[in-house]
Structures are given as C-alpha cells and as structure tokens.
Amino acid sequence: MNIFRPGLIQVAGIRSVEEGRMVLDRGVHLLGFPLRLPVHAEDVSEDRAREIIGVLGPSRCVVITYEDDPRRLKDLCRFLNVRTAQVHSPVSPDVLARMKAGGLALIKSYVVGRDSLPPEEFVRAYAPFCDAFITDTFDPASGASGATGRVHDWAVSAELVRCSPLPVLLAGGLRPENVRAAVAAVAPAGVDVHTGVEDASGVKDSGLVAAFVWEARAGFAGLAP
Ligand SMILES: O=C(O)c1ccccc1N[C@@H]1O[C@H](COP(=O)(O)O)[C@@H](O)[C@H]1O
C-alpha cells in the first residue's frame with residue numbers, strides 16, 4: 001500500500017491510545033510519534049509509544065525523529081514496530097541512503113530557514129533515497145525545526161512541490177483557519193499538524209481535529225487534478 005496518497009493528513013504528537021483513536025476517527029490517515037528530540041521534551045517515552053502503536057496498529061504510525069545514525073534509526077523502528085520514519089535531522093544524502101538501505105519508508109524534511117540548499121538542489125540530492133518530503137519551519141529562537149506552531153514562506157514549499165518527483169507534505173503552523181489556504185498556495189500531497197489541533201494543555205482537541213480535516217479536504221478538493 002502506498003501510504004503517501006494524495007490528500008494525506010498526518011497528526012503528530014499522539015499521547016495515548018484514546019487520543020490516537022479519536023484522531024483516526026476524525027479522518028486522519030497517519031499518526032506521528034516524535035522521539036529523540038534534542039530541543040523538545042518528548043510527548044511520550046519510547047516504551048509508551050511502542051505500547052500505543054501496538055494497540056493502534058503500526059501501518060498508520062510514523063516515527064518522527066532527529067536520530068541521525070542509520071543503525072540506531074533501524075533499531076528504533078524495529079523496537080516500535082514501525083516501518084516509516086520522518087527524518088528531521090540535517091543528514092547528508094549518503095547517510096539518508098544508508099537509512100533507506102535498512103528497508104524503511106522515509107520522509108525527509110526540508111526545514112525552511114535551516115536547510116540551506118535551494119529546493120531544486122535539495123530534491124536532486126535527496127530524492128533517490130527517500131519516499132516523500134515534508135517541509136517545516138525553523139524557529140531560530142528555540143532552535144526547533146518542528147512543532148514550532150509557526151508558518152514559513154509557502155512559496156518555498158510550493159517550489160519544492162514543483163520540482164519534486166516525490167509526494168511532498170506541508171507542515172509548520174497549520175491550523176483549521178489556514179490549512180485550506182496553505183493547500184491552495186502549495187499544492188502538497190498532504191499536510192501535517194501538531195500544535196494547531198491542541199488545546200492549551202497540549203491535548204488534541206476533537207473539534208479542532210475535525211475542523212482541520214474538513215478544511216484540509218476542502219483545500220485538496222480545490223486543487224487541479
Ligand atoms: O511534532 C513534533 O513534536 C516534532 C518535533 C521535532 C521535529 C518535528 C516534529 N514534528 C513535525 O512538526 C510539524 C509541525 O508542527 P506544528 O504544527 O507547527 O506544531 C508536525 O506536524 C511534525 O511533522
């Protein structure tokens with residue numbers, strides 16, 4: 001099954017089985033589990049993530065990580081029983097190739113404001129060694145390149161979409177209020193959100209998730225076939 005289907009919606013930062021079920025029931029396709037993060041505290045431990053994934057089923061779960069060692073990434077995915085990893089670290093194409101050789105499906109991030117290669121060169125260098133790209137936002141104040149709650153210049157993401165032979169997901173500061181416009185501006189294959197569907201205590205809000213899915217779908221429906 002190709003999990004990178006057009007109109008893909010991913011929600012990151014799942015903290016419990018109940019939260020994961022609620023998010024899937026609202027029409028989300030993939031659940032992201034951010035682990036091994038130098039900047040953020042993790043939402044759950046690796047043991048807890050493994051338990052949640054074990055109940056929800058690994059086929060809809062993605063590990064999101066700054067892990068930059070191919071062997072350790074493979075071991076982490078084996079421990080969690082997932083086969084898709086979102087690689088958020090600024091690894092070289094050679095390292096990504098070694099990660100890919102481990103048999104994983106890989107989503108490589110292009111972090112606007114952090115990654116210095118222009119989109120076209122980035123795509124040329126990395127596309128042979130991954131299955132999809134995701135664009136996200138760098139926050140220079142915290143050093144975070146994910147879960148920042150901040151948008152970036154969507155023109156950069158749109159450029160990456162134009163030159164990529166692979167599906168591109170858009171992330172960074174998406175919310176129910178802006179995801180339709182973001183999809184129209186960038187024409188990505190999918191969208192990904194973390195903080196934009198949470199309440200003030202960091203728990204996923206079912207109303208916000210439902211509104212996000214509704215608005216994202218409206219955005220995808222408006223794209224040219
Ligand atoms: O989700 C995280 O915690 C995370 C941590 C470190 C790197 C990437 C991470 N996830 C990605 O960040 C986006 C966007 O977050 P937000 O919507 O701006 O809050 C999220 O969807 C993940 O793909």
Side-chain angles (χ1 to χ4, degrees), residues 3-4 8-16 19-20 23 28-46 48-49 52 60-68 73 76 80 82 84-91 105-115 130-154 156-157 160 167-183 186 188-205 208-209 211-213 215-216 219:
I3 61 169
F4 304 117
L8 180 84
I9 304 175
Q10 177 170 290
V11 169
I14 300 302
R15 296 169 185 232
S16 67
E19 190 172 74
V23 168
V28 167
H29 306 103
L30 293 178
L31 306 176
F33 292 81
L35 293 166
R36 301 196 186 170
L37 313 170
V39 175
H40 305 268
E42 290 168 352
D43 302 298
V44 291
S45 67
E46 292 177 17
R48 186 78 189 109
I52 298 169
R60 303 184 74 177
C61 298
V62 174
V63 63
I64 300 171
T65 184
Y66 289 92
E67 179 59 74
D68 58 4
L73 179 65
L76 174 63
L80 297 170
V82 297
T84 307
Q86 185 171 312
V87 178
H88 241 70
S89 47
V91 294
L106 296 180
I107 307 170
K108 178 69 192 86
S109 67
Y110 179 86
V111 181
V112 178
R114 183 196 74 181
D115 291 317
C130 61
D131 301 276
F133 290 109
I134 185 166
T135 60
D136 208 333
T137 306
F138 183 61
D139 179 2
S142 65
S145 47
T148 62
R150 295 162 65 122
V151 296
H152 53 264
D153 180 356
W154 288 336
V156 179
S157 286
L160 200 121
V168 179
L169 313 186
L170 173 68
L174 298 182
R175 305 184 304 279
E177 297 83 357
N178 67 3
V179 65
R180 190 192 296 220
V183 169
V186 175
V191 289
D192 183 11
V193 59
H194 183 149
T195 55
V197 291
E198 291 179 344
D199 66 20
S201 64
V203 172
K204 299 287 183 277
D205 179 298
L208 290 177
V209 175
F212 187 88
V213 169
E215 291 294 324

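Each ligand, and each atom within it, is numbered from 1 in the order the structure gives. None of these values were measured; they are calculated from a predicted model.
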Thinking salt bridges, do R36 and E46 make one under a 4.0 Å N-O criterion?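 A salt bridge links R36 with E46.
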Between S145 and H88, a side-chain donor and acceptor under 3.5 Å: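 Distance-only check fails for S145 and H88.
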Element-labelled atoms of ligand 1 that are located less than 4.0 Å from some non-hydrogen atom of [X]:
X	result
G173	16 (P), 17 (O), 18 (O)
L37	5 (C), 6 (C)
Y66	6 (C), 7 (C)

Less than 4.5 Å apart, any side-chain heavy atom of V179 and any of V193?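 The answer is no; the side chains never approach within 4.5 Å.
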Residue-level breakdown please: for [X] versus ligand 1, do any non-hydrogen atoms fall below 4.0 Å on the side chain, on the backbone, on both, or on neither?
X	answer
I64	side chain
D136	side chain
T195	both

Check whether any N or O atom of [X], backbone or side chain, sits under 3.5 Å from an N or O atom of ligand 1, and answer yes or no.
X	value
Q86	yes
P34	no
H194	yes
A147	yes
D43	no

If you measure from each heavy atom of G172 to ligand 1, is any distance below 4.0 Å?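 Right, G172 reaches ligand 1.
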So, does G149 sit close enough to ligand 1 that a heavy atom of it is under 4.0 Å from the ligand?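 Yes, G149 has heavy atoms under 4.0 Å from ligand 1.
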Identify the closest protein heavy atom to atom 22 (C) of ligand 1: which residue and atom is it, and at what distance?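 Ranking protein heavy atoms by distance from atom 22 (C) of ligand 1, first comes D192 OD2, 3.3 Å.
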When you measure from atom 7 (C) of ligand 1 to each heavy atom in E42, R36, H88, R175, which option holds the nearest one?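 Answer by nearest heavy atom: H88.
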Any idea which heavy atoms bring A12 and I64 closest together, and the distance?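 Nearest heavy atoms, A12 then I64: CB-CD1, 3.7 Å.
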For a quick test of reading the model, state the closest non-hydrogen atom pair linking T148 to T137 and the distance between them.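 Minimum heavy-atom contact is CG2-O, 3.4 Å.
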If I take atom [atom1] from residue [X] and atom [atom2] from residue [Y], how far apart are they, to the nearest 0.5 angstrom?
X	Y	atom1	atom2	answer
L169	F4	CG	CZ	7.0 Å
L31	I14	CG	CD1	5.0 Å
I107	D131	CD1	CG	8.5 Å

Counting N and O atoms only, with roles assigned by atom type, does the side chain of S109 sit under 3.5 Å from a partner on the main chain of V87, one being a donor and the other an acceptor?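 Yes; judged by distance alone, with no hydrogens or angles, the pair exists.
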Between the main-chain N or O of G173 and the side-chain N or O of N178, is there a donor-acceptor pair closer than 3.5 Å?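 Yes; judged by distance alone, with no hydrogens or angles, the pair exists.
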